[in-house]
Amino acid sequence: MRFSFKIFLAFFLLIGFAAYLFFSSFMTELKPGFRQVSEESLVDIANLLAEIAAIEINNGEISHGNFSAAIQRFQQRQPNAQIWSHTKHKVSLQVYITNLSGRVIFDSEDQHLNADFSRWNDVYKTLQGEYGARSTLSDPDNKFSTVMHVAAPVYNNGQITGVLTVKKPNLSVEPFFQAAQNNLNHKGFILLVFALLSGFILSIWLSKSIRQLANYANTVKRGENIKPPKVYGLELTQLASAMASMKEKLDGKRYVEQYIHTLTHQLKSPIASIKGASELLTEEMPDKQRQRFIGNIQTESNKLQEIVQHMLSLAEMENKQSLNSVEAIDLYALLTKIIHSLSANIQTKHLHIQLNPQSPTLIYGEPFLIEQALFNLLDNAISFSQVKATIFITVKQLDSKIEITIEDEGSGIPNYALPHVFERFYSLPRSGEQQKSTGLGLCFVKEIARLHNGDIELTNRKDKGVLAKLSLSSTIEHNTER
């Protein structure tokens, strides 16, 4: 089960369960609430009618007086009252009156005259001076046929002389209850839909942020350089910041480890040679042989110095984030200068250099770094070219990039070595020659390309040799700070 679905399900169940409890409790209290309001109104009506009918009741005229006639006219009324969504077409209020002994002396329905109601709660409690009310089924087989009875005492000179009871079927308030219930169900449905949408949005937001952080962690694990993702939420932002900080510390630690490892590995060979030669010099030997060992010591010492200097320069380059100075550079003139400086090596191998610049050849960048990158690439091509071969140099504009390609006609790079050519001190074995280290020079080129918003790529040509493709931004003057 996906994390986003778990969040969605948990949020929906939580909101749904809370909504169910709320509406269930509310509906449980709703019907009694309607009946309480109805009862409260009946109390007022009963007491009002008791005062109106008191004189006729005490004079024994209740069955044929004005009160009886008014009740008959009342029952014939058709109010047709539009009460919210319900229309009331007829009245539902009934009245009966009992004497002091609890016998019915007036009944608006003419069904219970002379009946003994003295044991019913409404009559019994009212005659006792208490509040009398009851709810009774009019049909014992129908649980929905309850009728509410509310009584009020009839007084004569402060003494109770009878009881007036008003009764109203509970079904008369059922339409209002159903309307309220339907309205609540509608609101509840809207709430559930809102909970669904909220849960969906929340799950998408959280899962997207977590997926961004996971992708960032995986990218960092692969050794790629990437900015931390922009996520929303204080805790997620703090997590992204902590991951970025951890990456920086791990990168720093890993860089130091790799730096020390490669430096140590490269220093071992010249140090061993110097140590061996110095030990031999303590022995008696011919002067010619002694001079050869001294020459070996000097050569290896120079190599040590060159390695240390290159490593320091590379470390400085890797930590460099902006260019010191940006100038317009004529690539054709610069390449011509580099070819001239390498003329001795070119002549030694009887190489031919074919320079094919395409307009324009102008680029913006730091002159020293651009020169160093092109020098290293051309020197590398010369070192690996066959005797009497041709090296092709092409410069062309591609959108906002300047692309410089250098193709040699050497033996190419073995497939196993292609992923490692930009590693420090990585050496390619050459038949009949000593190993030629390419890593440092190409590392310089890669870092210089990075500072100029470009890249370097080395691939084998289809026939023979290597194609080095260096791309640099032609608008670097607008972006010297990174």
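Glu409 meets the salt bridge (charged side-chain N to carboxylate O under 4.0 Å, His left out) test with no other residue; sequence neighbours excluded. Residues passing the side chain to side chain contact (heavy atoms under 4.5 Å, CB included) test with Ser343 are Gln347, sequence neighbours excluded. For His340, the side chain to side chain contact (heavy atoms under 4.5 Å, CB included) test picks out no residue, with sequence neighbours left out. Judged as a salt bridge (charged side-chain N to carboxylate O under 4.0 Å, His left out), and not counting sequence neighbours, Lys90 has no contacts. Partners of Asp330 under the salt bridge (charged side-chain N to carboxylate O under 4.0 Å, His left out) rule, at least two apart in sequence or in another chain, do not exist in this structure.
Heavy-atom neighbours of Lys275 NZ from other residues, nucleotides or ligands within 6.0 Å: at or below the threshold of 12. Within a 6.0 Å radius of CZ in Phe194, no more than 12 heavy atoms belonging to other residues, nucleotides or ligands are found.
Side-chain N or O atoms of His350 include none that pairs as donor or acceptor with a backbone N or O of Ile346 at under 3.5 Å. Side chain of Asn460 to backbone of Ile413: a donor-acceptor contact under 3.5 angstrom is found. Under a 3.5 Å cut-off, the side chain of Ser145 and the backbone N or O of Asp139 do form a donor-acceptor pair. The closest donor-acceptor contact from the side chain of His452 to the backbone of Glu366 lies under 3.5 Å. The main-chain N or O of Gly412 is never found under 3.5 Å from a side-chain atom of Arg461 such that the two would form a donor-acceptor pair. A side-chain donor-acceptor contact under 3.5 Å links His149 to the backbone of Val147. Asn453 places no side-chain N or O within 3.5 Å of a backbone atom of Ser473 that could act as its donor or acceptor partner.
Side-chain contact between Ile402 and Thr361: absent, with no pair of heavy atoms (C-beta onward) separated by less than 4.5 Å. Two residues are said to be in side-chain contact when any heavy atoms from C-beta on lie closer than 4.5 Å; Leu378 and Leu342 meet this criterion. A 4.5 Å side-chain heavy-atom check between Leu355 and Tyr332 finds at least one atom pair inside the cut-off. Looking at heavy atoms from C-beta onward, Glu371 lies in side-chain contact with Lys337 at the 4.5 angstrom threshold. Looking at heavy atoms from C-beta onward, Ile329 lies out of side-chain contact with Leu362 at the 4.5 angstrom threshold. Put simply, the side chain of Asn380 does not reach to within 4.5 Å of the side chain of Leu377, judged on heavy atoms. Counting heavy atoms from C-beta outward, Lys168 and Ser38 have side chains that approach closer than 4.5 Å. You'll find the side chain of Pro169 stays beyond 4.5 Å of the side chain of Thr146, heavy atoms only.
Rounded to the nearest 0.5 angstrom, Thr394 OG1 and Glu407 CD are separated by 6.0 Å. Here the straight-line distance linking atom OG of Ser278 with atom CD1 of Ile297 works out to 5.5 Å at 0.5 Å rounding. Distance check: Leu472 CG to Leu369 CG gives 10.5 Å after rounding to the nearest 0.5 Å. In this structure, Ser411 OG and Lys464 NZ are separated by 10.5 Å, a value rounded to the nearest 0.5 Å. Between atom CD1 of residue Ile353 and atom CD1 of residue Ile382 there is a gap of 5.5 Å, rounded to the nearest 0.5 Å. Note that the CD atom of Glu327 and the CD1 atom of Ile370 stand 11.5 Å from one another [nearest 0.5 Å].
Scanning all heavy atoms of the two residues, the minimum distance from Pro367 to Gly365 falls at CD-O, 3.3 Å. Here the closest heavy-atom approach between residue Ile456 and residue Ala449 is recorded as N-CB, 4.4 Å. Of all heavy-atom pairs spanning Val43 and Tyr131, the tightest one is CG2-OH, 3.4 Å. Between Asn142 and Leu137, the shortest heavy-atom contact is O-CD2, 3.3 Å.
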**OP:** Evaluate the side chain to side chain contact (heavy atoms under 4.5 Å, CB included) criterion for residues Leu93 and Leu42: first the C-alpha distance (whole Å), next the side-chain angles of each, then the deciding distance (0.1 Å), finally the verdict.
**Re:** CA-CA 9 Å; Leu93 193 71; Leu42 290 177; 3.5 Å; yes

Original post:
Are Ile363 and Val395 close enough, and set up right, to give a side chain to side chain contact (heavy atoms under 4.5 Å, CB included), and what steps lead you there?
Top reply: CA-CA 11 Å; Ile363 190 173; Val395 181; over 6 Å; no

Original post:
Does the side chain to side chain contact (heavy atoms under 4.5 Å, CB included) test come out yes or no for Ile406 and Leu470, once each step is laid out?
Top reply: CA-CA 8 Å; Ile406 299 178; Leu470 174 64; over 6 Å; no

**OP:** Take Ile448 and Gln372 through the test side chain to side chain contact (heavy atoms under 4.5 Å, CB included) and record every step on the way to the result.
**Re:** CA-CA 9 Å; Ile448 292 169; Gln372 187 67 47; 4.1 Å; yes

Listed pairs under 3.5 Å, donor-acceptor, residues 287-295 side chains, sequence neighbours left out:
{"from": "Arg290", "atom 1": "NH1", "to": "Leu281", "atom 2": "O", "distance (Å)": "3.1"}
{"from": "Arg290", "atom 1": "NH2", "to": "Glu283", "atom 2": "O", "distance (Å)": "3.4"}

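Defined by atom type and a distance below 3.5 Å, a donor-acceptor pair is missing between the side-chain atoms of Gln354 and Thr390.
For the pair Lys469 and Asp455, the salt-bridge criterion is not met [side-chain N within less than 4.0 Å of a carboxylate O].
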